[in-house]
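First up is the structure itself, then whatever we jot down about it.
Letters A, B, ... are given to chains in the order of the sequence lines, protein chains preceding strands, and every chain is numbered from 1.
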Number of protein chains: 2
Amino acid sequence: MSPTLPSGLLGDLDPTSDRAVFRQIADQLREAIDRGRFSEGEKLPSEAELVEHYGVSRMTVRNSFSILQGEGLVHAEHGKGVFVRPRPPVRRLASDRFARRHREQGKSAFIVEADAAGSHPQVDSLEVKEEKASQDISTRLGSVRRVLARRRRYLLDGRPVEFATSYLPLDIARGTQIAEPNPGPGGIYARLEELGHHLDHFEEEIRARMPSPDEVKTLRLASGVPVIHLIRTAFDTEGRAVEVCDTVMAADAYVLSYQLPAT
Amino acid sequence: MSPTLPSGLLGDLDPTSDRAVFRQIADQLREAIDRGRFSEGEKLPSEAELVEHYGVSRMTVRNSFSILQGEGLVHAEHGKGVFVRPRPPVRRLASDRFARRHREQGKSAFIVEADAAGSHPQVDSLEVKEEKASQDISTRLGSVRRVLARRRRYLLDGRPVEFATSYLPLDIARGTQIAEPNPGPGGIYARLEELGHHLDHFEEEIRARMPSPDEVKTLRLASGVPVIHLIRTAFDTEGRAVEVCDTVMAADAYVLSYQLPAT
DNA sequence: CACGCATACTCGTATAGACGAGTGGGCAAG
DNA sequence: CTTGCCCACTCGTCTATACGAGTATGCGTG
């Protein structure tokens with residue numbers, strides 16, 4: 001016996017409307033969520049309840065849910081129900097995050113920042129190896145054939161939020177501490193400067209798109225969550241590109257912040 | 001009589017696999033697209049053809065398509081078919097796009113840049129009015145109650161790519177050319193400087209998320225296309241926030257590019 | 001030749017039913 | 001009381017069918 005839905009929570013359908021029934025249902029649920037009638041993490045009415053309430057078939061209700069899932073508003077849990085997706089706390093990335101003064105302490109920027117915010121940071125999937133440069137990486141680094149690739153995944157409170165790969169030309173990185181799993185205090189940028197590659201500036205390219213199935217797995221992304229794809233190139237004072245860092249971030253976990261001069 | 005699918009184009013299902021049938025079909029189509037067996041803009045096999053090829057029901061095939069749509073890989077056209085979504089040319093936004101030297105000509109940055117790229121730019125939905133500031137805008141502008149809002153939509157070759165609203169404190173903008181539909185050569189930043197508000201720097205905040213239904217309409221977004229949400233605040237040399245610009249961009253039309261000093 | 005309609009193909013919407021699998025609570029046996 | 005099972009409820013997957021609506025093509029009529 002499914003309990004009846006509280007009346008007034010959701011409206012009725014308009015049979016004269018051009019709008020498809022499953023869209024009307026999605027509209028009503030979306031509005032109810034926006035108005036706070038369902039709060040974050042709260043369970044929505046079950047499929048069976050909505051079937052009864054609206055007098056439609058189950059597939060129609062599921063269709064409505066799939067719209068809301070695509071919008072990133074709700075997520076379904078097998079055996080439990082459909083829930084309003086809570087907005088996770090976002091991490092702000094400031095444009096000065098690679099300033100030298102942040103490189104002085106022993107720990108990485110990610111760890112320091114997360115500790116300060118009271119969350120529990122982790123880094124895993126550490127892989128460091130030499131490999132063939134892709135066409136794109138080769139172009140960005142100035143026609144190198146092989147590169148040192150450093151891959152790692154960042155987690156906050158157990159949740160993966162970011163997957164990054166740094167590429168460095170072999171003639172710079174091979175045999176140095178940069179090729180070690182732990183690059184030492186201040187990270188690879190500190191090592192690059194010690195090796196005489198004084199950093200001059202960075203270029204960052206930002207795109208947003210839906211994740212590939214691989215990225216969904218690695219970042220454990222809910223449906224309806226895009227990724228931010230950031231490609232940073234580091235240039236030394238000679239004008240040479242000394243590192244390219246390719247980062248894929250869960251878009252619901254980040255706000256990027258840049259400060260630009262108005263010159 | 002539906003023509004048989006060319007054999008070898010798509011594989012068979014693995015009935016022993018745990019992976020749901022509609023996911024297997026989506027996987028095969030995705031792989032075929034990635035490998036270039038279907039090129040951009042090309043029509044995929046019709047639902048009926050896939051039903052016959054795989055021996056499944058139509059809803060299963062549609063389910064597969066809806067996965068690929070969610071990933072932004074394909075789009076369906078009623079009465080025509082399902083097509084590999086072409087990647088539109090992207091517009092690169094450089095971080096120096098608001099430099100003074102770009103304000104010298106009479107035309108706006110958007111128009112100049114698009115003309116140079118050989119595409120046909122348009123600006124529409126022009127609306128300029130005074131209104132109550134939202135909580136967020138008020139905070140960013142330093143506790144103002146009412147603001148001047150300038151709304152406009154940008155199109156490239158007839159395709160909407162961006163929707164932007166500028167908010168300015170009334171005590172600065174009221175009665176000036178900034179409150180006119182056409183703010184004159186160099187745009188509102190040029191007017192602000194003439195009014196004695198010399199620009200010092202900008203702050204930009206970047207988020208990515210799935211669009212609201214409104215945004216889907218305004219930007220005519222295909223399913224599976226996220227938006228980039230950029231909020232820029234302009235500060236004058238007194239440290240006062242003189243403008244907040246809230247921009248929603250079709251993510252498949254943009255690459256943002258920033259240059260950062262390594263100080 | 002030009003126009004208009006019939007038709008076949010496309011995807012869109014909706015129904016009804018079946019079985020599977022994850023979750024959690026209650027009940028019965030130990 | 002604890003353990004373990006069963007059952008009810010949840011969403012996940014899949015089939016089969018029906019009709020509607022947009023598109024394109026070709027054929028027949030004027």
Side-chain angles (χ1 to χ4, degrees), chain A residues 1-5 12-27 29 38 41-70 73-85 216 222-224, chain B residues 1-5 12-27 29 38 41-70 73-85 216 222-224:
Chain A
M1 189 74 64
S2 26
T4 310
L5 219 51
D12 295 317
L13 298 178
D14 173 4
T16 72
S17 167
D18 282 348
R19 195 147 175 85
V21 172
F22 72 91
R23 291 189 203 283
Q24 292 187 45
I25 297 178
D27 290 344
L29 290 169
F38 299 105
E42 195 176 337
K43 187 177 167 303
L44 293 179
S46 75
E47 294 175 358
E49 284 168 335
L50 292 171
V51 162
E52 199 195 348
H53 176 81
Y54 288 113
V56 298
S57 81
R58 189 175 157 225
M59 288 311 290
T60 301
V61 170
R62 282 183 62 77
N63 221 336
S64 310
F65 277 150
S66 90
I67 291 185
L68 300 179
Q69 272 192 54
L73 276 180
V74 307
H75 69 114
E77 294 182 32
H78 193 169
K80 297 208 247 183
V82 178
F83 301 84
V84 179
R85 209 157 65 73
V216 168
S223 57
Chain B
M1 187 73 63
S2 26
T4 309
L5 219 50
D12 295 315
L13 298 177
D14 174 5
T16 72
S17 167
D18 282 348
R19 194 146 176 88
V21 172
F22 72 91
R23 291 188 203 284
Q24 293 186 45
I25 297 178
D27 290 345
L29 290 169
F38 300 106
E42 195 176 337
K43 186 176 168 304
L44 294 179
S46 75
E47 294 175 357
E49 284 168 333
L50 292 171
V51 162
E52 199 196 349
H53 176 81
Y54 287 113
V56 297
S57 82
R58 188 174 158 225
M59 287 312 290
T60 301
V61 169
R62 282 182 62 76
N63 221 336
S64 310
F65 277 151
S66 89
I67 290 186
L68 299 179
Q69 272 191 53
L73 276 181
V74 308
H75 68 113
E77 293 182 32
H78 194 168
K80 297 208 246 183
V82 178
F83 301 83
V84 179
R85 209 156 64 75
V216 167
S223 57

Return the minimal non-hydrogen interatomic distance between A/Ser17 and A/Gln24, and the atom names on each side.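 Scanning both residues completely, I find the closest heavy atoms to be CB-NE2, 3.6 Å.
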Specify the closest pair of heavy atoms between A/Ala222 and A/Arg85, including all atoms of both residues, with the distance to one decimal.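 Shortest heavy-atom contact: CB-CD, 4.0 Å.
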Side-chain donor or acceptor of B/Thr60 paired with backbone N/O of B/Phe22 under 3.5 Å: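 The answer is no, because no donor-acceptor pair under 3.5 Å joins these two groups.
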Report each atom pair, protein N/O against N/O of nucleotides 11-15 of chain D, whose distance is under 3.5 angstrom.
residue	atom	partner	partner atom	Å
D/dC11	OP2	A/Glu47	N	3.0
D/dC11	O2	A/His78	NE2	3.1
D/dG12	OP2	A/Arg62	NH1	2.8
D/dG12	OP2	A/Arg62	NH2	3.3
D/dG12	N7	A/Arg58	NH2	2.7
D/dG12	O6	A/Arg58	NH1	3.0
D/dT13	OP1	B/Arg23	NH2	3.1
D/dT13	O4	A/Arg58	NH1	3.4
D/dC14	OP1	B/Val21	N	2.6
D/dC14	OP2	B/Val21	N	3.3
D/dC14	OP2	B/Phe22	N	3.2
D/dT15	OP2	B/Ser57	N	2.9
D/dT15	OP2	B/Ser57	OG	3.3
D/dT15	OP2	B/Thr60	OG1	2.6

Between A/Val74 and A/Phe38, is any pair of side-chain heavy atoms under 4.5 Å apart?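 Counting from C-beta outward, A/Val74 and A/Phe38 never come under 4.5 Å.
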Side-chain heavy atoms of A/Leu13 within contact of A/Val56, under 4.5 Å: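 Yes. Closest side-chain heavy atoms under 4.5 Å.
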Once you round it to whole Å, what is the distance between C1' of D/dT10 and CD of A/Glu52?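 Taking atom C1' of D/dT10 as the reference, CD of A/Glu52 is at 16 Å.
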How long is the line joining OH of A/Tyr54 and P of C/dT15, in whole Å?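 Rounded to whole Å, this separation is 13 Å.
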